[in-house]
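Only this structure's heavy atoms are used, side chains among them; waters, hydrogens and symmetry mates stay out.
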Amino acid sequence: MPADGLTITVLGSGTSVGVPTIGCHCAVCTSSDPRDNRLRPSILVSYCGRNVLIDTTPDFRFQALRARIERLDAIVFTHAHADHIMGLDDVRPFNFRQRTTIPMYGSEDTIAAVRRVFEYIFSERGAESSIPKLDPHAIDGQPFDLFGLEFTPIPLLHGRNSIYGYRFGAAAYLTDHSAIPEESAGKLRGLDVLFLDALRRKPHPTHTTVARALEHVEQLAPRRAFFTHICHDLPHEETERSLPQHVRLAYDGLRIEVGGRE
Ligand SMILES: [Zn+2]
Ligand SMILES: [Zn+2]
Ligand SMILES: [Zn+2]
């Protein structure tokens with residue numbers, strides 16, 4: 001663990017369409033509780049003056065302004081679905097401010113998909129106007145070091161796809177999964193903070209339900225768990241009342257100090 005601790009900021013806690021959802025008038029989409037407003041899912045991991053971003057959502061520009069992010073040292077991708085990558089172009093102001101290239105990490109498939117979607121960024125042609133300056137690293141499943149903190153990829157099943165969650169220190173961020181393979185569960189012991197996908201109560205082919213996420217909490221026994229990638233089926237306050245004290249719904253803007261537990 002970094003000597004001066006580790007802070008997680010929830011930049012977005014919502015599912016792929018966000019909450020409120022376009023055109024919807026349900027109780028959650030029209031709620032006055034700010035915790036029922038959920039941008040697309042992402043967190044910022046801060047330690048030793050460094051900021052590591054997990055996923056660049058379509059809301060990234062607004063998330064960065066809202067959380068007053070002033071530097072960005074690395075990007076780590078979980079997978080290449082649109083709700084996790086489409087804000088990548090908005091990292092340009094960090095390139096300008098820092099005058100540096102930003103390293104980005106993801107599985108081989110994810111990096112290939114990001115290169116395809118953002119062809120102009122990685123094109124050999126040379127750009128006429130500003131483009132993000134990024135240094136892609138395909139990771140092979142082995143832990144990698146970012147500024148003195150080890151990030152361990154945690155393979156997860158997201159429907160038919162295999163994607164990565166990440167463990168770093170005594171925290172882990174597991175978004176977008178329908179199953180946690182046994183071998184991955186073994187890498188999730190002794191956690192202080194565990195983020196888990198909990199889309200809604202009704203089953204979904206590529207995401208976890210609240211009930212299933214609670215089973216994961218029981219099995220993995222973190223000190224605290226936070227559910228994320230939440231859709232408009234789950235009103236914040238009412239849902240939290242039904243959860244054990246050490247399990248909370250994440251909400252946009254939530255900041256968590258991670259203690260050591262390993
Ligand atoms: Zn997603
Ligand atoms: Zn709604
Ligand atoms: Zn996804």
Side-chain angles (χ1 to χ4, degrees), residues 7-18 38-141 143-151 153 158 161 163-166 168 173 175-176 228-229 252-253:
T7 305
I8 296 173
T9 306
V10 175
L11 299 177
S13 56
T15 188
S16 60
V17 291
R38 302 169 182 137
L39 295 181
R40 268 60 74 83
S42 172
I43 59 167
L44 189 73
V45 184
S46 307
Y47 55 98
C48 304
R50 302 287 190 169
N51 282 330
V52 175
L53 176 67
I54 302 192
D55 293 335
T56 55
T57 82
D59 299 313
F60 175 64
R61 175 180 172 276
F62 182 59
Q63 290 169 329
L65 290 169
R66 185 172 66 174
R68 297 196 166 86
I69 303 174
E70 293 192 2
R71 63 173 295 128
L72 183 57
D73 297 284
I75 301 162
V76 177
F77 288 111
T78 58
H79 65 306
H81 280 164
D83 51 327
H84 298 260
I85 67 167
M86 290 311 283
L88 184 59
D89 193 76
D90 286 323
V91 305
R92 281 177 296 146
F94 296 105
N95 290 134
F96 304 152
R97 286 173 62 83
Q98 297 162 203
R99 298 172 194 280
T100 55
T101 294
I102 298 170
M104 56 175 234
Y105 298 79
S107 70
E108 213 164 299
D109 286 356
T110 298
I111 295 294
V114 169
R115 279 178 176 277
R116 205 163 53 238
V117 172
F118 294 94
E119 189 269 337
Y120 66 95
I121 297 181
F122 303 98
S123 156
E124 301 289 306
R125 278 197 308 276
E128 281 194 296
S129 183
S130 73
I131 53 166
K133 303 247 182 314
L134 299 163
D135 182 16
H137 298 267
I139 49 176
D140 59 1
F144 54 101
D145 178 275
L146 287 180
F147 319 108
L149 180 63
E150 189 173 88
F151 281 70
H158 183 23
N161 294 316
I163 73 147
Y164 282 150
Y166 293 95
F168 36 94
Y173 181 70
T175 183
D176 292 61
T228 191
H229 214 294
D252 292 25

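- Contact record, Ile85 with Phe118: O-CZ, 3.5 Å, taken as the closest heavy-atom pair.
- Atom CZ of Arg97 has 12 or fewer neighbouring heavy atoms from other residues, nucleotides or ligands inside a 6.0 Å radius.
- Judged by distance alone, the side chain of Ser123 and the main-chain N or O of Arg125 form a donor-acceptor pair under 3.5 Å.
- The salt bridge (charged side-chain N to carboxylate O under 4.0 Å, His left out) test applied to Asp89 returns Arg92, not counting sequence neighbours.
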Mind running side-chain contact (heavy atoms from CB on, under 4.5 Å) on Leu134 and Ile121 for me, showing each step along the way? CA-CA 8 Å; Leu134 299 163; Ile121 297 181; 4.1 Å; yes
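- A distance-only check finds no donor-acceptor pair linking the side chain of Glu150 to the backbone of Phe144 [under 3.5 Å].
- Contact annotation: the side chain of Leu39 approaches that of Arg66 to within less than 4.5 Å [non-hydrogen atoms, C-beta and beyond].
- Note: Arg115 CZ to Phe122 CZ = 6.0 Å, rounded to the nearest 0.5 Å.
- Residues Ile111 and Met104 form a side-chain contact, since some pair of their non-hydrogen atoms from C-beta on lies under 4.5 Å apart.
- Looking only at side-chain heavy atoms (C-beta outward), Phe62 and Leu11 stay at 4.5 Å or farther from each other.
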Using side-chain contact (heavy atoms from CB on, under 4.5 Å), reason through Ile163 and His81 one step at a time and then give a plain yes or no. CA-CA 10 Å; Ile163 73 147; His81 280 164; over 6 Å; no
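- Remark: Ile75 CD1 to Leu88 CG distance equals 5.5 Å, nearest 0.5 Å.
- Looking at Ser107, its side chain does come within 3.5 Å of a backbone N or O of Thr110 through a donor-acceptor pair.
- Between Asp55 and Thr78, the side chains place a donor N or O and an acceptor N or O closer than 3.5 Å (distance only, hydrogens not considered).
- Between the side chains of Asp83 and Thr57, no donor-acceptor pair of N or O atoms lies under 3.5 Å.
- One N or O on the side chain of Gln98 and one on the backbone of Leu72 form a donor-acceptor pair closer than 3.5 Å.
- With hydrogens and angles disregarded, no donor-acceptor distance shorter than 3.5 Å links the side chain of Tyr105 to the backbone of Ala74.
- Two residues are said to be in side-chain contact when any heavy atoms from C-beta on lie closer than 4.5 Å; Lys133 and Val91 fail this criterion.
- To the nearest 0.5 Å, atom CD1 of residue Ile139 and atom OH of residue Tyr164 are 5.5 Å apart.
- Aromatic ring centroids of His84 and His229 lie under 6.0 Å apart.
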Please step through ring pair (Phe, Tyr, Trp, His ring centres under 6.0 Å) for the pair Tyr166 and Tyr173, ending with a clear verdict. CA-CA 5 Å; Tyr166 293 95; Tyr173 181 70; 8.5 Å; no
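- Across all their heavy atoms, Ala113 and Ala80 have their closest contact at CB-CB, 3.5 Å.
- With hydrogens and angles ignored, the 3.5 Å screen pairs a side-chain donor or acceptor of Asp145 with a backbone N or O of Gly148.
- Panel note: side chain Thr101, backbone Asp135; no donor-acceptor pair is recorded below 3.5 Å.
- Residues passing the side chain to side chain contact (heavy atoms under 4.5 Å, CB included) test with Asp90, sequence neighbours excluded: Phe60, Arg61.
- For the atom pair CG of Asn95 and CD1 of Ile131, the computed distance is 9.0 Å after rounding to the nearest 0.5 Å.
- Between the Asp252 side chain and the Ser13 main chain, a donor and an acceptor come within less than 3.5 Å of each other.
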Check step by step if side-chain contact (heavy atoms from CB on, under 4.5 Å) holds for Asp176 and His79. CA-CA 9 Å; Asp176 292 61; His79 65 306; 3.2 Å; yes
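- At least one side-chain heavy atom of Leu53 sits less than 4.5 Å from a side-chain heavy atom of Ser42.
- Counting only N and O atoms by type, the side chains of Asn51 and Ser46 include a donor and acceptor under 3.5 Å apart.
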Go through it in stages, so that I can follow the logic: the residues are Phe94 and Asp73, the test is side-chain contact (heavy atoms from CB on, under 4.5 Å), and I'd like the CA-CA distance, side-chain angles, deciding distance and then a yes or no. CA-CA 9 Å; Phe94 296 105; Asp73 297 284; over 6 Å; no
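- Put simply, the side chain of Arg40 gets close to the backbone of Ser16: a donor and an acceptor are under 3.5 Å apart.
- Within the 3.5 Å criterion, the main-chain N or O of Thr228 finds no donor-acceptor partner in the side chain of Arg38.
- Leu44 places none of its side-chain heavy atoms less than 4.5 Å from the side chain of Val52.
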